[in-house]
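Every heavy atom of this structure was used, including side-chain atoms; hydrogens, water molecules and symmetry mates were not.
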Amino acid sequence: MFLSVFDVFKIGIGPSSSHTMGPMSAANRFLDLILSDEWPRPSNVAVSAITVSLHGSLAHTGVGHGTGRAVILGLMGERPDLVDPDRMDAIIDEVERRGRVSPPGHPEYHFQPKTDLIYDKKVPLPGHANGMSFSAFDRDGRLLLKRIYYSIGGGFVVTDTELEAMRAAKNKPAGVKVPYPFATAAQMLDMAARSGLSIAQMKRANEECAMTREELDAGLDRIWAAMNACIDRGLSQDGIMPGGLKVRRRARAIHDKLQEEWRSNKVNPLLANDWLSVYAMAVNEENAAGGRVVTSPTNGAAGVVPATIRYYLHFHEDADEEGIRDYLLTAAAIGGIIKHNASISGAEVGCQGEVGSASAMAAAGLAAVMGGTAEQIENAAEIALEHHLGMTCDPVAGLVQVPCIERNALGAVKAVTAASLALKGDGKHFVPLDACVETMRQTGLDMSEKYKETSTGGLAVNIVEC
């Protein structure tokens, strides 16, 4: 099993990796398919119009998560890692005004969002809670091409046939040959013991099968730069976040108060927690506003890992650039294990799969850069994940704001606490990480659909939207 660090950490836009980045990428894939030779194109017949239908969680919370906007942007050829957030509104306004999309390299296609983008809340698609169907028609309205895509969390998108193949190959050897192909935490610990390498060193060796050390380091530095810039932007902004809930940004005001305390040398026993929280909130306020973020492993949980790295830089005098790289590699190793054996999708297993996974990844990364052994790192990840088990995904009004923003702050606090507890032990503990991951998977299967990013239960129905 091999999942690259750059699959776990992907630069994109808010507010959701599964509901925004995934659908935008699906639209990109459909455009590529139209121009390809992968379908039996009739002679002298051209695609004239496109329609899209959203299903399951995408239909229920797509409006609040910006799914429709993402589809429109994707059909205009915009990609999650390259789109300019400041231009998105103008692009969408143009499509709505003209009723056409004009992606680069394509002719114009008829696409009127009001009629050609359907939120189908009644008919879920069978493969995954985040399903969508793209169709292409000729000028006479005849269907030429149809594809079903699933957004499976963290910005990953697969077709229905690819999803079936993934599930069939779950326990088969991966096609990518790497020196340390651990698929479970137990395998990871065994390989670390036999090789004498750290988790970060094993992950680095795997990554360097596909790229040079310089390319890997540059990529890791680029990921951290995007995370750090997101924190800084979030700390500089204020005002009301979009979506209608009238939730006000708080990170800037809290940050100003913390800086004042810091300069005055006031004693604050909650200082570390306060800084952790404000860093995480800054990221998720940016995410809620549709800004540039990094999946960590998802957008809804994007604040936990960056906040914990910034905490490491803020409070640990030995922190350095190489430590950040080791942190990201270690965190990605844990994220890959969780994704492979359970899920990072809130629509599939609830928020335990998003903030819970992020907290486990952050705890592992922090334990690693603070000198933890492989056993202590695995213990830190397990502690963090265990205490998110059963957490539901019930965003009010389908927006990634309440309870998501504060939930990231608490996820970061739990990550630091988990790392601290693990480092004070010898790595031996009662519940293995693998057992905790399997428990999360089973809990997700048992969880009511009301609590899996549909906004039909929990806080989403008990809070009056105003």
Side-chain angles (χ1 to χ4, degrees), residues 5-6 8-15 17 21 80-86 154-155 200 215-238 249-252 254-256 258-259 262 271-332 335 355 358-359 361-366 368-370 405 408-409 411-413 415-416 419:
V5 62
F6 302 116
V8 176
F9 299 116
K10 295 191 287 291
I11 299 173
I13 57 166
S17 51
M21 290 173 60
D81 58 333
L82 299 175
V83 63
D84 181 354
D86 293 329
E215 289 171 334
L216 175 59
D217 286 345
L220 293 170
D221 294 345
R222 186 166 56 252
I223 292 297
W224 167 239
M227 290 179 170
N228 200 35
C230 184
I231 293 175
D232 287 341
R233 180 170 170 79
L235 294 176
S236 69
Q237 303 295 307
D238 52 23
R249 287 181 183 246
R250 291 179 288 163
R252 179 175 178 175
I254 295 172
H255 182 248
D256 289 346
L258 288 173
Q259 284 187 311
W262 188 269
L271 188 63
N273 282 357
D274 287 345
W275 281 104
L276 264 172
S277 298
V278 77
Y279 292 148
M281 290 173 66
V283 171
N284 284 86
E285 287 177 357
E286 273 298 287
N287 180 61
R292 177 78 64 211
V293 296
V294 179
T295 62
S296 312
T298 66
N299 283 29
V304 178
V305 166
T308 315
I309 297 177
R310 191 77 167 247
Y311 162 86
Y312 161 67
L313 292 172
H314 194 148
F315 288 100
H316 294 270
E317 60 183 21
D318 295 330
D320 59 16
E321 187 177 68
E322 196 59 39
I324 295 173
R325 294 169 183 163
D326 286 346
Y327 179 112
L328 291 171
L329 290 167
T330 305
V355 171
S359 188
M361 292 162 58
L366 186 59
V369 297
M370 292 181 68
I405 293 170
N408 275 259
V413 171
V416 172

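You'll find the side chain of Leu216 reaches within 4.5 Å of the side chain of Val5, heavy atoms only. Arg310 is not listed as a side-chain neighbour of Trp275, based on a closest heavy-atom distance of 4.5 Å or more. Proximity of Thr330 to Met361: side-chain heavy atoms (C-beta onward) are nowhere separated by under 4.5 Å. Residues Asn228 and Pro306 form no side-chain contact, since every pair of their non-hydrogen atoms from C-beta on lies 4.5 Å or further apart. Leu258 has its side chain within reach of Val278: a pair of non-hydrogen atoms, C-beta onward, lies under 4.5 Å apart. With a 4.5 Å cut-off on side-chain heavy atoms, Thr308 and Tyr327 count as touching. The side-chain heavy atoms of Met281 and Glu286, taken from C-beta on, include no pair separated by under 4.5 Å. Between Arg325 and Asp217, the closest side-chain pair of non-hydrogen atoms falls below 4.5 Å.
Counting all heavy atoms, side chain and backbone alike, Ser296 lies closest to Ala302 at OG-O, 3.9 Å. Nearest heavy-atom pair, Ala282 versus Leu235, reported as atom, atom and distance to 0.1 Å: CB-CD2, 3.7 Å. Annotation for Pro15 and Ala288: closest pair CB-CA, 4.2 Å, computed over non-hydrogen atoms. Residue Ala419 comes nearest to Ala363 through the heavy atom pair CB-O, 3.7 Å, listed as atom of the first residue, atom of the second, then distance. In terms of heavy-atom proximity, Gly14 sits nearest to Asn287 at CA-OD1, 3.0 Å. Listed here is the closest heavy atom pair of Val83 and Pro85: O-CD, 3.2 Å.
In this structure, Asp320 contributes its side chain and Gly323 its backbone to a donor-acceptor pair below 3.5 Å. Side chain of Ser359 to backbone of Val355: no donor-acceptor contact under 3.5 angstrom is found. Using modelled atom types, one side-chain atom of Asn408 and one backbone atom of Gly303 make a donor-acceptor pair closer than 3.5 Å. In this structure, the side chain of Asp81 does not engage the main chain of Ile11 through any donor-acceptor pair within 3.5 Å. Lys10 contributes no side-chain N or O that, together with a main-chain N or O of Val294, makes up a donor-acceptor pair within less than 3.5 Å. In this structure, the side chain of Ser17 engages the main chain of Asn299 through a donor-acceptor pair within 3.5 Å.
For the atom pair CZ (Phe9) and OG1 (Thr295), the distance works out to 7.5 Å, reported to the nearest 0.5 Å. To the nearest 0.5 angstrom, Arg249 atom CZ is 8.5 Å from Ile405 atom CD1. Here CG of Asp318 is found 12.0 Å from CG of Leu313. Values are rounded to the nearest 0.5 Å. Atoms CG and OH, on Asn284 and Tyr279 in that order, are 15.5 Å from each other to the nearest 0.5 Å. Here OG of Ser236 is found 12.0 Å from CD1 of Ile231. Values are rounded to the nearest 0.5 Å. Between the CG atom in Leu329 and the CG atom in Leu220 there is a gap of 5.0 Å [rounded to 0.5 Å].
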- Message: Show, in sequence, the C-alpha distance, side-chain angles and deciding distance for His316 and Tyr311, and conclude whether the ring-ring contact (aromatic ring centres under 6.0 Å, His included) test is met.
- Response: CA-CA 8 Å; His316 294 270; Tyr311 162 86; 5.6 Å; yes
Next item on the list: Start with the C-alpha distance between Ile309 and Leu328, add both sets of side-chain angles, then the distance that settles side chain to side chain contact (heavy atoms under 4.5 Å, CB included), and finish with yes or no.
Entry: CA-CA 9 Å; Ile309 297 177; Leu328 291 171; 3.8 Å; yes
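Legend: residues meeting salt bridge (charged side-chain N to carboxylate O under 4.0 Å, His left out) with Asp238, ordered by chain and number and at least two apart, are Arg252. When the salt bridge (charged side-chain N to carboxylate O under 4.0 Å, His left out) test is applied to Glu285, no partner is found at least two apart in sequence or on another chain.
For His314 and Trp262, the gap between ring centers is short of 6.0 Å.
One finds no salt bridge joining Asp84 and Arg292 here, because no Lys/Arg side-chain nitrogen approaches an Asp/Glu carboxylate oxygen to under 4.0 Å.
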